[in-house]
Student: 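This is the structure I have questions about; it appears just below.
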Amino acid sequence: MKLLVDVPSGFNFLRTVYSHGWCSLPPFHVEKASSQLQRVIELSGGKSAVIRICQPARTRLAVEVAGGSALGAAKRREIVSQVRSCFRLDEDYSEFYRAAKSYPAFRWVPKIGAGRLLRAPTVFEDVVKMICTTNCSWALTEVMVVNLCKKLGVEVDEGKFTFPRPETIAENTEKFLRKEIRAGYRAPYLLELSRRLARNDFDAESWRHSDLPTNELYDLVRSVKGIGPYAAGNILKLLGRYDYLGIDSWCRKQFFEIHKNGRRTSDRVIENFYERYGEWKGLFFWMDVTKDWYAREFPF
DNA sequence: GCGTCCAGGTCTACC
DNA sequence: GGTAGACCTGGACGC
């Protein structure tokens with residue numbers, strides 16, 4: 001079964017897929033040969049599906065649902081809604097692009113349709129993955145996320161698993177998360193987050209539609225154990241707020257090479273550098289340090 | 001092959 | 001408010 005999804009003018013599928021590392025973490029998977037993004041998605045009523053997304057025309061995405069002929073209209077709408085959310089199709093980037101056009105160094109951004117950051121269908125998945133990126137190599141992040149899906153997700157097709165639900169993680173032990181998931185000292189953080197969500201202690205999904213000023217939303221995100229300035233800044237970007245940079249060691253290194261001839265500076269200097277970009281500073285920062293990715297079809 | 005050192009963010013305790 | 005040390009893992013390096 002194939003679904004068609006309208007996209008805004010200038011939308012660039014591959015540039016959104018490769019906007020950051022999420023596309024290489026399950027349940028996302030890039031099929032380079034066909035330039036498709038595969039994703040295992042969970043639907044209401046305990047159903048799941050494997051979908052493959054590509055952009056056959058400038059104005060729309062095509063979503064192939066494997067074995068989905070029996071899906072009714074409501075389920076099809078759910079799939080389209082998740083795809084629209086992951087690709088940020090309903091967010092307005094016109095102000096960002098207008099700003100980018102006014103800076104010679106960023107005129108390339110609207111030209112190629114960069115700037116949309118791929119996100120997961122749920123805030124929970126984004127937060128868990130962000131915690132798994134802290135204080136470790138990307139290779140270890142992949143190990144943790146693969147283990148979460150394989151050991152706690154539901155197998156929908158051979159070797160294809162859903163991302164685990166909060167309740168599933170919550171019912172496991174810290175020892176299991178430490179040793180089997182390889183989360184190490186992050187285990188109690190993942191457990192506490194999952195258990196709070198499973199108990200309905202707080203509603204992370206509401207962050208995507210929050211009316212709170214960004215600094216208050218930042219404090220709320222920071223209140224989750226294991227989320228520091230780097231992780232909070234980047235989670236905010238996935239919520240559509242770009243007022244924080246979310247600096248990590250890789251970004252620092254990129255900044256030093258691009259702007260300081262490799263010379264190290266403090267984070268305060270980096271923050272001051274992007275202050276001119278106002279509420280879009282986090283996105284300008286990310287565009288700046290990842291600019292060389294956009295020269296290649298598949299940057300990683 | 002084994003041991004040691006280091007990098008990578010966040011938390012807690014302490015000043 | 002700022003800082004030091006602990007947390008855990010994988011990779012690099014030396015032996």
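Just so it is clear: chains get the letters A, B, ... in the order the sequence lines come, proteins before strands, and each one is counted from 1. Just so we're clear, the structure is a prediction, and the values are computed from it rather than from any experiment.
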Student: Taking any atom under 4.0 angstrom from a heavy atom of chain A, which nucleotides of DNA chain B are the first and last to qualify, 5' to 3'?
Tutor: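 Boundary nucleotides touching chain A, in 5' to 3' order, are B:dG8 to B:dT12.
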Student: Can you check the A:Glu142 CD to C:dT9 P distance for me, whole Å?
Tutor: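 These atoms are roughly 18 Å apart.
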Student: One thing to verify: whether A:Arg119 and A:Glu91 come together as a salt bridge, which I'm taking to mean a side-chain N less than 4.0 angstrom from a carboxylate O.
Tutor: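 Counted as a salt bridge, because a side-chain N and a carboxylate O are separated by less than 4.0 Å.
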Student: Do you know which of A:Leu236, A:Thr214, A:Asn215, A:Leu217 makes side-chain contact (heavy atoms from CB on, under 4.5 Å) with A:Asp243?
Tutor: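 Result for side-chain contact (heavy atoms from CB on, under 4.5 Å) with A:Asp243: A:Thr214.
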Student: What verdict does the side-chain contact (heavy atoms from CB on, under 4.5 Å) test give for A:Phe124 and A:Phe163, after you've listed the backbone C-alpha separation in whole Å, the side-chain angles of each residue and the deciding distance to 0.1 Å?
Tutor: CA-CA 10 Å; A:Phe124 171 67; A:Phe163 193 80; 3.9 Å; yes
Student: For A:Glu279 and A:Tyr242, indicate whether the former's side chain and the latter's backbone hold a donor-acceptor pair under 3.5 Å.
Tutor: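 Pair absent, no side-chain N/O of A:Glu279 close to backbone of A:Tyr242.
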Student: Quick one: hydrophobic cluster around A:Val143, which other residues, with the 4.5 Å side-chain cut-off, linked directly or via members?
Tutor: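 Via sub-4.5 Å side-chain contacts, A:Val143 links to A:Leu140, A:Met144.
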Student: Just to be sure I understand the rule, does A:Ile227 reach a base, reach only the sugar-phosphate, or reach nothing, if contact means heavy atoms closer than 4.0 Å?
Tutor: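 Sugar-phosphate contact only.
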Student: In residues 229-250 of chain A, which ones come under 4.0 Å of DNA chain B, going by heavy atoms?
Tutor: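 Nucleic-acid contacts, sorted: A:Pro229, A:Tyr230, A:Ala231, A:Asp248, A:Ser249.
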Student: Taking A:Glu95 first and then A:Arg98, would you say they form a salt bridge - that is, a charged N and a carboxylate O separated by under 4.0 Å?
Tutor: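 Judged by the 4.0 Å cut-off on N to carboxylate O distance, A:Glu95 and A:Arg98 do not form a salt bridge.
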Student: Fit a plane to each ring of A:Tyr189 and A:Tyr185, take the angle between them on a 0 to 90° scale, and name the class: parallel (under 30°), tilted (30 to 60°) or perpendicular (over 60°).
Tutor: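 A:Tyr189 and A:Tyr185: perpendicular rings.
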Student: Would you say A:Leu283 and A:Ile112 are hydrophobically clustered, going by side-chain heavy atoms of ILVMFWY under 4.5 Å?
Tutor: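 In one cluster with A:Leu283: A:Ile112, yes.
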Student: Has the side chain of A:Glu257 got a donor or acceptor atom that lies under 3.5 Å from a matching backbone atom of A:Asn261?
Tutor: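 No.
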Student: Does A:Arg199 count as lying over the ring of A:Phe202, i.e. NZ or CZ under 6.0 Å from the six-ring centre, within 45 degrees of the axis?
Tutor: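 No; the conditions do not both hold, so A:Arg199 does not lie above the ring face of A:Phe202.
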Student: How far does the helix from B:dG1-C:dC15 to B:dC15-C:dG1 bend, going by the axes of its first and last five pairs, to the nearest 10°?
Tutor: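 One end axis against the other gives 30°.
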Student: Only pairs at least two apart or in different chains count here, so list each salt bridge (charged side-chain N to carboxylate O under 4.0 Å, His left out) that has a residue in residues 133-144 of chain A.
Tutor: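 For residues 133-144 of chain A: none.
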Student: Counting primed atoms plus P, OP1 and OP2 as sugar-phosphate and everything else as base, spell out the protein contacts along nucleotides 2-7 of chain C at 4.0 Å heavy-atom distance: B, S or - for each nucleotide, 5' to 3'.
Tutor: -----B
Student: Are the aromatic ring centres of A:Phe284 and A:Phe96 under 6.0 angstrom apart?
Tutor: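 Yes, the ring of A:Phe284 comes within the 6.0 Å limit of the ring of A:Phe96, centre to centre.
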Student: Can you say whether the rings of A:Phe300 and A:Tyr18 are parallel (under 30°), tilted (30 to 60°) or perpendicular (over 60°)?
Tutor: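 Rings of A:Phe300 and A:Tyr18: perpendicular, as their planes differ by over 60°.
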